[in-house]
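Just so you know, ligand 1 is whichever comes first in the structure, and atom 1 is the first atom listed for that ligand. Since the model is a prediction, treat every value here as computed from it, not as a measurement.
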Amino acid sequence: MTKIAISNQKGGCGKTTTVMNLGAACSAKGRKVLLVDLDPQHHLSSWLGFEPDGNPTATELIYYAVARQPIAYDNYIRHSKTERLDFIPSSALLSGMLGIIAQDSNSAEVLSRIFDDEYFSKYDYIFFDCQTALDLLVTNVLKCCDKLLIPVQADVLSYEGVEQMIDTFIKVKNDPDIRKYILGMLVTMYVTNTKHSAQIYEALKDSYGKLVFEQYISFRTEAKNAVGYNKSCVSDKNSTVGMQYSEIANLIMEVCENETI
Ligand SMILES: Nc1ncnc2c1ncn2[C@@H]1O[C@H](COP(=O)(O)OP(=O)(O)O)[C@@H](O)[C@H]1O
Ligand SMILES: [Mg+2]
């Protein structure tokens with residue numbers, strides 16, 4: 001089982017879109033996938049068609065983990081009706097858990113405690129959708145994950161945030177050799193008919209070399225439209241974005257599955 005964080009403190013760079021589509025792509029290739037929504041704005045949960053159902057969410061999961069209460073994990077898992085994906089939904093109250101996590105005697109590892117549980121070994125991949133921040137909740141995800149993928153929108157502002165993200169990651173892992181954890185930087189919303197995206201892509205390559213995926217994700221309206229159908233782009237055989245995410249999923253599976261053999 002591999003835990004993958006999809007994180008960048010820049011908003012709107014394609015984190016949620018990447019979680020949904022990589023999850024769907026790995027699932028389409030026969031892997032058992034869990035998506036964990038850790039953004040109080042719960043866009044991923046909404047995309048998956050989630051509506052509050054009386055069962056607990058990621059908010060309660062963290063609350064009980066800090067309280068050192070026994071957790072019935074089955075109650076937290078939902079099954080998408082439209083995709084072959086399991087997920088743990090988020091709620092707006094998740095933002096209130098920051099203060100709760102901070103009170104834990106081992107506040108850096110609350111999520112590690114949860115997801116190291118034997119229960120989760122039935123999954124091949126767990127993808128974490130992080131909120132747009134580098135706060136204690138996100139650093140908990142970074143600590144807990146085996147791998148990190150950083151989506152970078154093909155614009156200048158998001159490119160600048162990557163350095164800070166990497167610095168934080170080094171501190172969290174307490175290991176200067178972070179290459180073994182980084183799956184790559186994925187350039188998203190790439191626009192082919194202007195030079196701008198190409199310039200950002202090249203600048204990123206100059207700075208980070210092989211850490212940048214050759215395959216980028218194009219800017220296409222189908223990525224936005226998929227949300228309304230509660231579907232991934234991967235499930236649409238004609239979707240360019242779907243095919244691109246499938247390609248990235250192949251690379252990820254190659255890395256993760258060859259390491260564990
Ligand atoms: N490849 C793409 N082409 C066009 N729009 C995209 C693409 N990827 C994401 N978007 C849109 O950009 C916005 C931000 O993406 P999102 O995945 O929600 O980012 P984040 O989770 O980092 O805030 C959303 O409206 C989403 O539908
Ligand atoms: Mg998001």
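A cation-pi arrangement is absent between Lys3 and Tyr125 under the rule of less than 6.0 angstrom and at most 45 degrees off the ring axis.
When each atom of ligand 1 is checked for a heavy atom of Ala223 under 4.0 Å away, the hits are 1 (N), 2 (C), 3 (N), 4 (C), 6 (C), 7 (C). Near Ser218, meaning under 4.0 Å from any of its heavy atoms, are these atoms of ligand 1: 1 (N), 2 (C), 3 (N). Counting the atoms of ligand 1 from 1 in the order shown, those under 4.0 Å from a heavy atom of Ile217 are 1 (N).
When the side-chain hydrogen bond (donor to acceptor under 3.5 Å, both in side chains) test is applied to Tyr63, no partner is found at least two apart in sequence or on another chain. Residues passing the side-chain hydrogen bond (donor to acceptor under 3.5 Å, both in side chains) test with Lys122 are Tyr119, sequence neighbours excluded.
Judged by distance alone, with hydrogens and angles left aside, the side-chain atoms of Asp86 form no donor-acceptor pair with the main-chain N or O of Ile77 at under 3.5 Å. A donor-acceptor distance shorter than 3.5 angstrom exists from the side chain of Ser197 to the backbone of Val191, with no hydrogens or angles considered. Remark: side-chain polar atoms of Trp47 are paired, donor with acceptor, to backbone N or O of Lys231 under 3.5 angstrom. Remark: the backbone N or O of Gly23 is not paired with any side-chain donor or acceptor of Ser27 at under 3.5 angstrom.
Thr188 and Tyr216 are not linked by any side-chain donor-acceptor pair at a separation below 3.5 angstrom, with hydrogens and angles left out of the test. Between the side chains of Thr132 and Gln9, no donor-acceptor pair of N or O atoms lies under 3.5 Å. If you check the side chains of Ser90 and Asp39, you find no donor sitting under 3.5 Å from an acceptor. Counted by atom type alone, Tyr229 and Asp236 present zero donor-acceptor pairs between their side chains at under 3.5 Å.
Residue contacts with ligand 1: Val241 is placed with no nitrogen or oxygen under 3.5 Å of a nitrogen or oxygen of the ligand (distance criterion only). The shortest N or O to N or O distance between Gly14 and ligand 1 is below 3.5 Å. Distances between N or O atoms of Lys15 and those of ligand 1 include at least one value under 3.5 Å. Distances between N or O atoms of Thr18 and those of ligand 1 include no value under 3.5 Å.
Looking from atom 18 (O) of ligand 1 to the surrounding protein, the closest heavy atom is Thr16 CB, 4.0 Å. The protein heavy-atom contact nearest to atom 14 (C) of ligand 1 is Gly12 CA, 3.7 Å. Scanning the protein for heavy atoms near atom 27 (O) of ligand 1, the closest one is Lys224 CG, 3.4 Å.
The part of Arg220 lying near ligand 1 is the backbone, judged by heavy-atom distances below 4.0 Å. Neither the backbone nor the side chain of Pro151 has any atom closer than 4.0 Å to an atom of ligand 1 (non-hydrogen atoms only).
Across the listed options Val227, Asn21, Thr17, Thr17 owns the non-hydrogen atom lying nearest to atom 9 (C) of ligand 1.
Each protein N/O/S atom under 2.8 Å from the Mg ion (ligand 2) was counted, for a total of 1.
Screening residues 57-72 for salt bridge (charged side-chain N to carboxylate O under 4.0 Å, His left out), with sequence neighbours left out, gives Arg68-Asp104.
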